[in-house]
Each structure stands twice: as C-alpha cells, then as structure tokens.
K.L.:
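I have a structure here, written as structure tokens, and I will follow up with some questions on it.
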Amino acid sequence: MGVLDGFRAYAIIGVVAMHLLLLSRVMQPGTHIDLVGWGLLGNVIDTFFIISGFVIFLPVVTRGGRLGSIRDFAVNRAARLAPAYWLSLAVVLFLLAFVAGPAQPPFIHRLPEILADMAALQMPIRLFDGTYRVGLGINGALWMISIIVGFYVVFPFIARSYYRHPLAGLGIAAAITLGWKEAVIHLPGVFGWLDHSNEAAWISQLIATDQLPGW
C-alpha cells in the first residue's frame with residue numbers, strides 16, 4: 001500500500017502544480033507552456049481513479065471473483081470516504097459562516113445544496129443546472145467525489161463479471177467512455193437541453209464530459 005500512497009502523492013503534486021500554474025497565469029491559452037502543462041499534467045487526475053479501481057478490485061481477485069456482502073462493501077467504502085469528505089464540507093461551512101462575509105445567503109436557504117453535496121450528488125445536479133456551485137462555491141475540487149461514489153455504486157454489480165471476462169469488461173468500459181465523450185462533442189444540443197440554466201453551451205459540454213460515464 002505504500003507504493004500506492006506514493007502514486008497518490010505524485011498525483012496530488014501534479015494536481016496542485018496544475019492549479020497553481022493556471023491561477024498564476026503562467027499557463028496562458030495558446031502558449032507552448034500551456035500546451036506542455038496540459039500534456040504533462042492534464043490527465044493526472046486519472047491516477048486517483050485508477051488507484052481507486054485497483055484498490056477496490058484487488059480483494060475480489062484475491063477471493064477468486066467473490067465480492068462478499070454488498071452491505072459490508074458499502075459500509076466499508078462509506079467509512080473510508082465519508083468522514084474526511086464531510087469534514088472538508090464542515091470546513092467550507094465554517095468559512096462561509098465566519099470568513100465569506102454577510103453577502104452569503106442564510107444557511108437555511110442553502111440546506112438543499114448542503115445536503116446534495118453531502119450525498120455526493122453535485123455532478124449529476126450540474127448536468128441539469130450548470131450554475132450549481134460545487135463545494136458550496138468554495139471547494140470546487142469536490143466534484144470528483146461524485147465520480148468516486150458513482151464507481152462504488154456500480155462496482156458491486158459488475159465485479160464478478162469483470163473478474164471472469166476482464167478483456168470484455170475493459171472493452172465495454174472503453175466503449176461507454178468513448179461513446180459518451182463523442183456524444184458530448186457531436187450532440188451538444190442534447191446536453192444544452194438537459195441544462196435548464198442559461199450557461200453557455202461549451203460549459204454544458206464541459207460539465208457533461210466530467211460525468212461518471214466519461215471516466
């Protein structure tokens with residue numbers, strides 16, 4: 001597991017470096033630095049999803065294709081993810097209450113938004129409302145929690161079949177991802193129709209790209 005933690009550390013460094021380069025405007029659109037930066041760091045987030053997939057699938061392999069109790073799997077995943085995730089949301093709420101200032105709406109008005117974030121529904125909601133603010137408008141990096149939880153929900157239903165037919169499973173997964181991303185590119189009107197906000201079409205496409213099927 002130490003090796004996996006090392007890969008996680010490299011991925012975290014890559015994500016932080018990417019955001020620092022963007023926020024500092026070192027990576028300007030159309031420049032060579034921008035091209036190199038996106039080429040080297042643009043897909044570093046994939047590392048987290050690859051590691052998550054490896055970690056949750058390894059016990060299935062060691063048990064010869066048996067997942068075990070779905071209830072136990074769900075409890076274990078929730079115990080691993082929810083405390084740290086909810087703690088990060090608590091920090092965001094603290095910042096909103098004591099740092100963001102009086103311009104923020106009262107918490108009672110944002111309760112549905114808070115509950116949606118707690119349930120990791122932020123990305124599915126954004127598909128229908130492009131103005132929805134991930135992480136209550138402060139911690140946008142929490143978008144990826146929706147993807148991870150989505151993997152956890154799907155995994156119990158495909159684990160045994162994937163173990164028995166890994167190449168077929170890989171092919172199906174690739175077809176879903178490529179099909180989804182091609183649809184985002186060539187059918188922008190569909191995602192614009194789903195998005196009931198007034199956001200630009202390219203924003204709707206960007207949001208659709210980062211939904212679970214795209215990963």
Side-chain angles (χ1 to χ4, degrees), residues 1-58 77 80-96 98-100 113 117-118 120-127 130-152 170 173-174 177-178 180-182 184-185 191 199-200 202-215:
M1 295 302 292
V3 174
L4 294 180
D5 289 337
F7 278 115
R8 286 193 183 101
Y10 284 126
I12 291 170
I13 292 171
V15 170
V16 171
M18 182 74 172
H19 284 81
L20 289 176
L21 290 171
L22 289 171
L23 292 172
S24 64
R25 300 187 183 278
V26 171
M27 288 173 52
Q28 294 286 348
T31 64
H32 293 300
I33 295 178
D34 184 65
L35 181 63
V36 172
W38 279 106
L40 292 176
L41 303 174
N43 292 320
V44 72
I45 194 70
D46 294 17
T47 305
F48 290 108
F49 297 138
I50 292 170
I51 291 174
S52 293
F54 178 82
V55 169
I56 65 175
F57 192 63
L58 188 58
R77 291 295 97 194
R80 181 176 178 83
L81 180 66
Y85 174 50
W86 287 347
L87 176 61
S88 70
L89 287 176
V91 172
V92 169
L93 290 173
F94 175 84
L95 294 174
L96 286 173
F98 298 103
V99 179
E113 186 181 359
D117 272 26
M118 289 183 65
L121 295 174
Q122 51 266 44
M123 287 307 290
I125 289 175
R126 289 204 79 198
L127 193 62
T131 63
Y132 184 87
R133 295 171 296 180
V134 174
L136 302 175
I138 292 183
N139 191 356
L142 295 181
W143 70 269
M144 67 181 295
I145 300 298
S146 284
I147 311 303
I148 293 173
V149 171
F151 282 145
Y152 292 166
L170 182 62
T177 297
L178 292 174
W180 180 267
K181 291 188 174 181
E182 287 297 311
V184 171
I185 294 172
F191 297 99
E199 293 288 354
W202 69 270
I203 294 180
S204 298
Q205 287 180 287
L206 184 62
I207 292 171
T209 300
D210 281 334
Q211 298 295 327
L212 177 62
W215 293 98

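Treat the numbers as computed from the prediction; the structure is a model and nothing was measured. Side chains are part of it too, since the values below use all heavy atoms of this structure and drop only hydrogens, waters and symmetry mates.
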K.L.:
How far does OG1 of Thr209 sit from CH2 of Trp215, to the nearest 0.5 angstrom?
P.N.:
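If we round to the nearest 0.5 Å, Thr209:OG1 and Trp215:CH2 are 9.5 Å apart.
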
K.L.:
Is the backbone N or O of Leu212 less than 3.5 Å from a side-chain atom of Trp180, with the two atoms forming a donor-acceptor pair by type?
P.N.:
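Side chain of Trp180 to backbone of Leu212, a donor-acceptor pair under 3.5 Å: no, none is there.
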
K.L.:
Measure the spacing between OG1 of Thr31 and CZ of Arg25 and express it to the nearest 0.5 Å.
P.N.:
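CZ of Arg25 is found 12.5 Å from OG1 of Thr31.
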
K.L.:
Before giving the answer on side-chain contact (heavy atoms from CB on, under 4.5 Å), spell out for Tyr10 and Val44 the whole-Å C-alpha distance, their side-chain angles and the decisive distance to 0.1 Å.
P.N.:
CA-CA 9 Å; Tyr10 284 126; Val44 72; over 6 Å; no

K.L.:
Flag the pair Met18 / Trp38 as yes when at least one side-chain heavy-atom distance between them is below 4.5 Å, and no otherwise.
P.N.:
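A side-chain contact under 4.5 Å exists here.
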
K.L.:
Can you name the nearest heavy-atom pair linking Ser88 to Leu142, along with the distance?
P.N.:
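Closest heavy-atom pair between Ser88 and Leu142: OG-CD2, 3.8 Å.
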
K.L.:
Please report the interatomic distance CG(Asp46) to CZ(Phe49), rounded to the nearest 0.5 Å.
P.N.:
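Answer rounded to 0.5 Å: 7.5 Å.
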
K.L.:
Is it true that the side chains of Asp117 and Tyr132 contain a donor and an acceptor less than 3.5 Å apart?
P.N.:
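Asp117 vs Tyr132: donor-acceptor pair found between side chains.
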
K.L.:
Within the 4.5 Å heavy-atom criterion, are Asp34 and Gln28 side-chain neighbours or not?
P.N.:
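Side chain of Asp34 against side chain of Gln28, heavy atoms only: no contact under 4.5 Å found.
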
K.L.:
If you take all heavy atoms of Gly130 and Ile207, which pair is closest and at what distance?
P.N.:
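For Gly130 versus Ile207, the nearest heavy atoms are CA-CD1, 3.7 Å.
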
K.L.:
Evaluate the criterion side-chain contact (heavy atoms from CB on, under 4.5 Å) for residue pair Val15 and Phe48; output intermediate values, then yes/no.
P.N.:
CA-CA 10 Å; Val15 170; Phe48 290 108; 3.9 Å; yes

K.L.:
Testing the basics here: between Ile145 and Gln122, what is the closest heavy-atom pair and its distance to 0.1 Å?
P.N.:
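Minimum heavy-atom contact is CB-NE2, 4.2 Å.
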
K.L.:
Between Ala120 and Ser146, what is the shortest heavy-atom contact and its length?
P.N.:
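That would be O-OG, 2.7 Å.
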
K.L.:
State whether the side chain of Trp143 and the backbone N or O of Met123 hold a donor-acceptor pair below 3.5 Å, judged by distance alone.
P.N.:
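Looks like no, no N/O pair under 3.5 Å.
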
K.L.:
Using side-chain contact (heavy atoms from CB on, under 4.5 Å), reason through Glu113 and Leu136 one step at a time and then give a plain yes or no.
P.N.:
CA-CA 7 Å; Glu113 186 181 359; Leu136 302 175; 3.6 Å; yes

K.L.:
Roughly how far apart are Asn139 CG and Leu95 CG, rounded to 0.5 Å?
P.N.:
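Going from the CG atom of Asn139 to the CG atom of Leu95 covers 9.5 Å.
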
K.L.:
Quick one: CD1 on Ile12 to CD1 on Ile45, what's the gap to the nearest 0.5 Å?
P.N.:
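With rounding to 0.5 Å, CD1 (Ile12) is 9.5 Å from CD1 (Ile45).
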
K.L.:
How many angstroms lie between atom CG of Leu81 and atom OG of Ser52, to the nearest 0.5 angstrom?
P.N.:
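Interatomic distance, Leu81 CG to Ser52 OG, rounded to 0.5 Å: 9.0 Å.
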
K.L.:
Under a 3.5 Å distance rule, please check whether Thr177 uses its side chain to pair with a backbone N or O of Ala174 as donor and acceptor.
P.N.:
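Side chain of Thr177 to backbone of Ala174: no pair is present.
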
